[in-house]
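Worksheet: the structure to be examined is printed underneath.
Chain letters run A, B, ... following the sequence lines, proteins first, then strands; residues in each count from 1. Only a predicted model underlies this, so the values are computations on that prediction, with no experimental measurement involved.
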Amino acid sequence: MDSTEKESVTNLYYETPPSREEAEAIQKELQKRVITQNGFKEIKRVAGIDLAPIQGEERLVCGIIVFSFPELEELERVSARVDEQFPYIPGLLAFREGPAIIEAFKKVKYKPDLIMVDGQGIAHPRGLGIASHVGVILDIPSIGVAKERLYGKYNEPLDSEGSWTPLINPYKGNTIGAVVRTKKGTKPVFVSIGHKIDLRTAVRIARECTKGYRIPEPTRKADIFVAHLKTVKY
DNA sequence: GCGACAG
DNA sequence: ATCTTGTCGC
């Protein structure tokens, strides 16, 4: 690939949106940079990230809230609105939402030690879900916490808080994530390594961030934040 | 060819 | 994600 293409690999912005093939090629390159071991000493701040489309505006709004950890007291919240440049295609979510995340992250003053993204980490067909993609580009530890499965097979975890089962790559048979029951009586969430963290730690952090709701506080609060932002004109 | 398919 | 009212369950 030439220098322009090489540049596009480390950048989520593009003059012309990449084709599906180009996007998948970029994912295969970035996947090689994912680190599946803890790349931090201590986690003192965790950020939750979420997005939502602004109906009728062809734009997306991204909200990021930074919390102290493990206290989970809010330290800061920022947001950014960007034009839609890519459609939603299963497996290529980062090309749609990534630019808004990068833009909003630039405004964060209290840089987090870990970011929690609403979506998959390595539990993805090419091992690079949005949480991993953004983690690698920002070079910051990350974990993916998705509400639905994208890839992998699993057995339903028992209906008790904290129960979890492994999410397995159907071809290789290795574990790519965890199906975690964060709240009894509700559907489980899909936790996977984003970047610079191992699975057991990712599951532990997700659980420590859970406060009585199915969704961990960082992404849950970020979701409420963007739902509000959508209704405000700017 | 037939399903599956994050947000 | 979004379109959408009432409704089942704690």
(message) What's A:G144 touching, base or sugar-phosphate or nothing? Going by heavy atoms closer than 4.0 Å.
(response) nothing

(message) Taking A:I140's backbone N and O only, do any of them form a donor-acceptor pair with A:H195's side chain (distance below 3.5 Å, no angle check)?
(response) no

(request) Please state how far atom CG in A:L150 lies from atom C1' in B:dG3, giving the value in whole angstrom units. (result) 14 Å

(message) Expressed as a whole number of angstroms, how long is the span from A:F86:CZ to B:dA6:C1'?
(response) 14 Å

(message) Run A:I101 and A:I130 through side-chain contact (heavy atoms from CB on, under 4.5 Å) and show every step you take.
(response) CA-CA 10 Å; A:I101 294 177; A:I130 190 169; 3.9 Å; yes

(message) Students often get this wrong, so: under 4.0 angstrom with heavy atoms, is A:L128 touching a base, only sugar-phosphate, or nothing?
(response) nothing

(request) To the nearest Å, give me how far apart CG (A:D118) and C1' (B:dG7) are. (result) 7 Å

(message) With a 4.0 Å cutoff (strictly under), does any side-chain N or O of A:K184 reach OP1 or OP2 of C:dC10?
(response) no

(request) Measure from CG on A:L229 to P on C:dA1 and round the result to the nearest Å. (result) 15 Å

(message) Check this one for me: any side-chain N or O of A:R96 less than 4.0 Å away from OP1 or OP2 of B:dG7?
(response) no

(request) To the nearest Å, give me how far apart CG (A:L60) and P (C:dT2) are. (result) 11 Å

(message) Under 4.0 Å, heavy atoms only, any strand: does A:Q120 hit a base, just the sugar-phosphate, or nothing?
(response) base

(message) Donor-acceptor pair, distance only, cut-off 3.5 Å: does the side chain of A:R77 make one with the backbone of A:I64?
(response) no

(message) So, OP1 or OP2 of B:dA6: does either fall under 4.0 Å of a side-chain N or O from A:Y88?
(response) yes

(message) On the nucleotide C:dA1, are OP1 or OP2 found under 4.0 Å from the side-chain N or O atoms that A:K230 carries?
(response) no

(message) Side-chain N or O of A:K147 versus OP1/OP2 of B:dA6: is the shortest distance under 4.0 Å?
(response) no

(request) Calculate the interatomic distance between A:H124 atom NE2 and B:dG7 atom C1'; express it in whole Å. (result) 12 Å

(request) Could you tell me the separation between the CZ atom of A:F95 and the P atom of B:dG7, rounded to a whole number of Å? (result) 18 Å

(request) Taking A:Q120 for its side chain and A:Y151 for its backbone only, find out whether a donor-acceptor pair lies under 3.5 Å. (result) no

(request) Output the distance between atom NZ (A:K233) and atom CD1 (A:I54), rounded to the nearest 0.5 Å. (result) 12.5 Å

(message) What is the separation between atom OH on A:Y151 and atom C1' on B:dG7, rounded to the nearest whole Å?
(response) 20 Å

